[in-house]
Amino acid sequence: MTTYHYIILTIIALWTLAYFRTPLLVWTSTIAVILAIYTFSPASSFFSSFFAWTVFILVMAPIGIPTLRRRFISDKVLPIIKNAIPAISQTEKDALEAGTVWWDGDLFSGKPNWKKFLAEQSPALTNEEQAFLDGPVQTLCDKTDDWQTNHEDFDLSPQVWQHIKDNKFFGMIIPKEYGGLGFSALAHSAVVTKIASRSGTAAVTVMVPNSLGPAELLLNYGTDKQKAHYLPRLAGGQDVPCFALTGPEAGSDASSIPDTGIVCRGTFEGKPDVLGIRLNWEKRYITLGPVATVLGLAFKLYDPDHLLGETENIGITLALIPTNTPGINIGRRHLPLNLAFQNGPNSGKDVFIPVDWIIGGEQRAGEGWRMLMESLAAGRSISLPALSTGSGKLACRATGAYARIRKQFRTPIGRFEGIEEPLARMAAYTYQMEAARIVTAAAVDQGEHPSVISAIVKYNLTTRMRSIINDAMDIQGGSGICMGPRNILARIYQAVPIGITVEGANILTRSLITFGQGAMRCHPYILKEVQAVAETDNETASIKFDKAFFGHIGFSISNVFRTLFLGLTGAFFVQASNGMEKRFYQHTTRLSSAFALVSDFGLLILGGSLKRKEKLSGRLADVLSQMYLISATLKHFKDQGRKPTDFPLVQWACEDALYQSQQSLMAFLDNFPNRPIAWLLKGICFPLGRTYSAPSDKLGHKIANILLEPSATRDRLTQGIYLPDSTTEILGRLEDALVKIVKAEPIEKKIASAQRKGNITGYDLTELTKDALNKEIIDQSEAETLLEADIARKDVIKVDDFSADYLTGKTSNNLPENLSNIATESAVKASTKENREDSVVTKRISGERL
Ligand SMILES: Cc1cc2nc3c(=O)[nH]c(=O)nc-3n(C[C@H](O)[C@H](O)[C@H](O)COP(=O)(O)OP(=O)(O)OC[C@H]3O[C@@H](n4cnc5c(N)ncnc54)[C@H](O)[C@@H]3O)c2cc1C
């Protein structure tokens with residue numbers, strides 16, 4: 001071997017060590033061994049060996065010996081980093097440190113541990129939870145008339161309210177010992193998913209008390225007395241809660257609320273000299289506020305007379321206040337995008353409350369922001385993801401059926417390639433959303449409070465809901481636009497911005513929170529570095545910083561080599577269990593490595609200013625999101641038994657996510673201000689150029705088909721939504737029509753073929769059918785199938801129309817013309833065998849015109 005061979009051997013060895021992230025000691029020993037062999041080989045000369053050993057000692061000694069390393073490197077870098085990192089306020093710190101790091105930590109690591117992820121328990125509902133879904137939830141859906149609720153009554157009916165309270169819908173997260181249902185996060189999510197597929201108003205009403213609000217805060221921080229008083233009342237519906245944080249001045253920047261509480265003494269319920277708080281506030285957009293009996297209030301607490309202690313500016317504090325307390329103004333309503341859930345402003349003028357109304361008592365004064373941040377993740381992981389998925393499933397089920405039933409140019413519209421494209425997107429996104437919903441809820445059940453992942457699912461699932469509903473509306477055409485009881489999608493379409501705005505508005509969540517908080521919390525070293533920098537003791541700071549900093553350097557070097565290797569080999573050698581989805585695990589590992597590398601360079605070059613470069617950090621948030629969505633999709637596929645017929649959905653979802661990630665990374669690098677670094681990173685991350693492409697048309701065709709006909713795959717995809725058993729509901733009628741249309745299609749083809757050949761004639765379907773029957777091209781039963789399908793089709797393509805008086809509110813006849821006889825009961829009855837004798841079908845065949 002020549003010297004060049006030894007150099008190549010050393011490079012390969014170093015590359016391998018970096019790839020496997022071996023410790024520094026292994027690096028040092030490996031290079032020393034290679035050098036020793038080289039020294040004693042004939043290839044070396046005295047000078048070459050001397051040179052090699054000198055370089056080795058000069059490089060490795062200061063790195064390998066901690067005291068030297070600290071003295072010559074870490075202690076010199078520490079002050080530079082200290083100046084570069086912007087000061088973090090306590091509110092930011094609370095937000096950054098809230099919740100737990102879960103799979104997001106692996107995705108940030110560049111080397112996700114799939115085995116660990118897949119080993120997590122596959123989630124399942126208990127019998128009791130399933131019975132609740134099949135019983136009280138089904139009944140709630142049956143009882144809810146969404147049109148009546150939103151258009152006529154502007155509220156849920158008294159019966160529905162009572163059903164909600166009687167069946168403890170407000171107590172899903174409250175443990176049984178306090179009279180609640182004590183449901184798992186998975187069950188809670190399944191309940192919201194099902195209700196959302198029936199009525200957005202009912203879903204929001206049920207969802208809010210189980211998300212971040214009085215019950216959750218009491219469970220986490222309440223005093224025993226507060227828990228014993230409020231939790232049973234909240235669970236049983238004797239108290240209706242709301243939680244008021246937002247006001248006219250403080251929306252996204254919620255920590256800037258101007259509402260005040262001044263610690264003072266006053267008279268309370270006739271008792272003088274009670275230690276309490278005088279409150280003044282103005283809030284808006286508060287869900288359930290207008291009907292709430294107990295108000296959770298966030299305000300800033302001040303103690304100018306030092307009645308509680310030394311501190312004057314105590315900070316954000318949370319209290320529970322009965323809404324009948326004197327001085328509170330509550331009850332007026334907003335009208336959020338035509339949804340009739342209760343939502344409105346409230347205010348308080350010099351409202352005096354005893355100090356023990358603070359959630360958690362006096363000792364929790366000033367801890368409100370931390371309490372909110374810590375409690376945010378669980379609810380955000382469940383409510384809106386469930387609502388979005390329920391809406392997506394409904395759209396897939398209803399619009400898929402409609403696309404098969406509705407014909408133009410003598411073809412079901414779902415067969416046109418132009419329609420296939422949105423149908424495929426709807427189906428694959430719905431699969432992906434369901435996967436993320438379930439996997440995330442299951443993580444919460446395992447004790448995780450994944451704050452970054454909760455932001456990811458909230459943002460991405462509400463965004464996908466918007467995409468799905470927009471696609472569905474485009475496919476439905478006029479039938480999606482004309483509102484009325486027959487239109488079950490228009491309300492969701494209208495309501496989408498609500499999900500986008502609440503629980504952290506989406507633009508803010510994507511561009512500021514996901515990557516910003518993710519980088520801090522989930523990156524294996526950044527938080528440690530930041531904490532080390534914040535240490536007041538110099539020696540401790542030096543030791544901690546040195547450890548984190550050199551760990552970080554090793555991590556970055558490893559990512560460079562790993563990313564390049566994975567890019568050159570297409571991640572082909574990444575270990576993953578064999579199966580149809582194997583390549584997606586491999587590609588996601590590659591992506592994770594590239595993401596870790598690019599994030600590091602982004603932070604290194606831009607430092608704290610990356611936080612303000614929201615277009616850049618938003619793109620990194622997108623990559624992190626897509627990796628999570630792929631992970632969830634793969635786990636869900638595995639948990640569901642890896643059904644081959646579901647695989648096209650998995651494939652489309654993963655291919656799309658990989659492609660979108662590549663585009664986001666490239667766009668990040670295209671816009672990265674330091675151009676040489678951007679070129680270098682492009683070369684390392686994409687050495688063979690852009691290798692991922694969007695899902696193919698052929699795959700899209702397969703997926704669109706899933707929505708166009710009844711099948712186990714379609715049922716699995718839309719599982720858990722409200723499916724009315726009767727054909728008096730529009731969704732039930734769509735289902736019924738779809739079955740009939742599919743059954744009739746081969747007969748239609750016979751008729752069309754006979755007509756083309758001139759064997760039968762007629763001006764319409766009835767005449768053609770009669771002629772075909774007479775000429776024995778089809779038999780009686782086929783003729784009936786055909787005409788039954790035609791009746792069903794005609795019924796479900798109808799849209800509502802109203803009298804002018806009804807729309808201007810001049811008449812109390814509140815049924816639209818078409819629904820009062822929703823395609824006439826007789827037509828429905830006619831479609832069943834028992835009623836066929838005198839049915840519309842028989843009449844048509846026997847020559848009577850309808
Ligand atoms: C129907 C409904 C129900 C609600 N229920 C409740 C409730 O029960 N309790 C409660 O306390 N609140 C509630 N809210 C309030 C909700 O949380 C706020 O609307 C939300 O926080 C956004 O505040 P804002 O509407 O004032 O928008 P703004 O804060 O004014 O934001 C406007 C836009 O600016 C963007 N933005 C803001 N800051 C940044 C940034 N740094 N970077 C990038 N973009 C940014 C936002 O993403 C948004 O797109 C509800 C709101 C609605 C509409």
Side-chain angles (χ1 to χ4, degrees), residues 90-100 170-180 182-183 185 188 208-235 239-246 254-255 257 259 261 263 275-277 279 281 283 286 288 292-303 308-309 311 313-322 353-383 444 447-451 454 503:
Q90 189 56 41
T91 6
E92 280 179 303
K93 201 163 172 270
D94 287 342
L96 283 174
E97 289 177 359
T100 57
F170 288 166
M172 281 191 281
I173 60 165
I174 298 176
K176 288 190 174 153
E177 58 182 294
Y178 292 110
F183 276 176
H188 171 187
V208 166
N210 289 290
S211 194
L212 178 55
E216 170 94 2
L217 292 163
L218 282 171
L219 283 167
N220 293 340
Y221 309 101
T223 61
D224 289 345
K225 196 170 156 206
Q226 288 171 337
K227 285 183 190 172
H229 174 74
Y230 275 118
L231 290 175
R233 294 179 58 79
L234 289 169
D239 267 329
V240 175
C242 68
F243 188 77
L245 173 65
T246 309
S255 63
I257 43 171
D259 312 295
V263 183
L275 180 61
I277 303 167
L279 291 161
W281 76 85
K283 304 287 189 185
I286 308 308
L288 293 187
T293 58
V294 57
L295 168 76
L297 186 75
F299 54 92
K300 283 190 174 149
L301 186 64
Y302 299 92
D303 185 13
L308 294 182
T311 319
N313 182 352
I314 295 178
I316 294 179
T317 300
L318 313 178
L320 280 190
I321 308 171
I353 63 164
V355 86
D356 57 9
W357 284 9
I358 292 176
I359 298 177
E362 195 182 313
Q363 65 272 28
R364 292 277 181 196
E367 291 187 15
W369 187 249
R370 195 169 57 75
M371 288 155 66
L372 287 175
M373 291 302 102
E374 283 175 0
S375 307
L376 178 66
R380 194 167 58 177
S381 295
I382 297 166
S383 308
V444 173
E448 298 289 349
H449 291 265
S451 47
S454 73
E503 293 198 6

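Computed from a predicted structure; not experimentally measured. Quick note: residue numbers are just sequence positions, from 1.
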Identify the heavy atoms of [X] and [Y] that sit nearest to each other, and give their distance.
X	Y	value
N313	Y302	OD1-CE2, 3.6 Å
L245	A254	CD2-CB, 3.6 Å
P214	C242	CG-O, 3.5 Å
I359	R364	O-CB, 3.2 Å
A235	I174	N-CD1, 3.8 Å
P241	P209	CG-CB, 3.7 Å

Original post:
In terms of side-chain heavy atoms, does E448 have a donor or acceptor partner in S381 at a distance below 3.5 Å?
Top reply: no

**OP:** Please lay out, stage by stage, how W357 and L279 fare under the test side-chain contact (heavy atoms from CB on, under 4.5 Å).
**Re:** CA-CA 12 Å; W357 284 9; L279 291 161; over 6 Å; no

Taking C-beta and beyond as the side chain, do [X] and [Y] meet within less than 4.5 Å on heavy atoms?
X	Y	value
L234	L218	yes
F243	L318	yes
F183	N210	no
P450	V444	yes
L231	L219	yes
V263	L301	yes

To the closest 0.5 Å, what do you measure between [atom1] ([X]) and [atom2] ([Y])?
X	Y	atom1	atom2	answer
K283	L297	NZ	CG	5.5 Å
I173	E216	CD1	CD	4.5 Å
I257	K300	CD1	NZ	6.0 Å
L372	D94	CG	CG	10.0 Å
I277	I353	CD1	CD1	4.5 Å
L212	I382	CG	CD1	11.5 Å

Original post:
Taking only residues two or more places apart in sequence or in another chain, which ones pass side-chain contact (heavy atoms from CB on, under 4.5 Å) with E362?
Top reply: L275, L308, V355

Original post:
Under 3.5 Å, is there a donor-acceptor pair between the side chain of T317 and the main chain of G368?
Top reply: no

**OP:** Quick one: which residue pairs count as a side chain to side chain donor-acceptor pair (under 3.5 Å) with a foot in residues 368-380, not counting sequence neighbours?
**Re:** N220-S375, Y221-E374, E367-R370, R370-E374, R380-S454

Pairs under 3.5 angstrom only: tabulate donor-acceptor contacts from the side chains of residues 222-230 to other protein residues two or more places apart or in another chain.
unit_1: T223; atom_1: OG1; unit_2: Q226; atom_2: N; d: 3.1
unit_1: T223; atom_1: OG1; unit_2: Q226; atom_2: OE1; d: 3.4
unit_1: Q226; atom_1: OE1; unit_2: T223; atom_2: N; d: 3.0
unit_1: Q226; atom_1: OE1; unit_2: G360; atom_2: N; d: 2.9
unit_1: Q226; atom_1: NE2; unit_2: D356; atom_2: O; d: 3.1
unit_1: Q226; atom_1: NE2; unit_2: I358; atom_2: O; d: 2.7

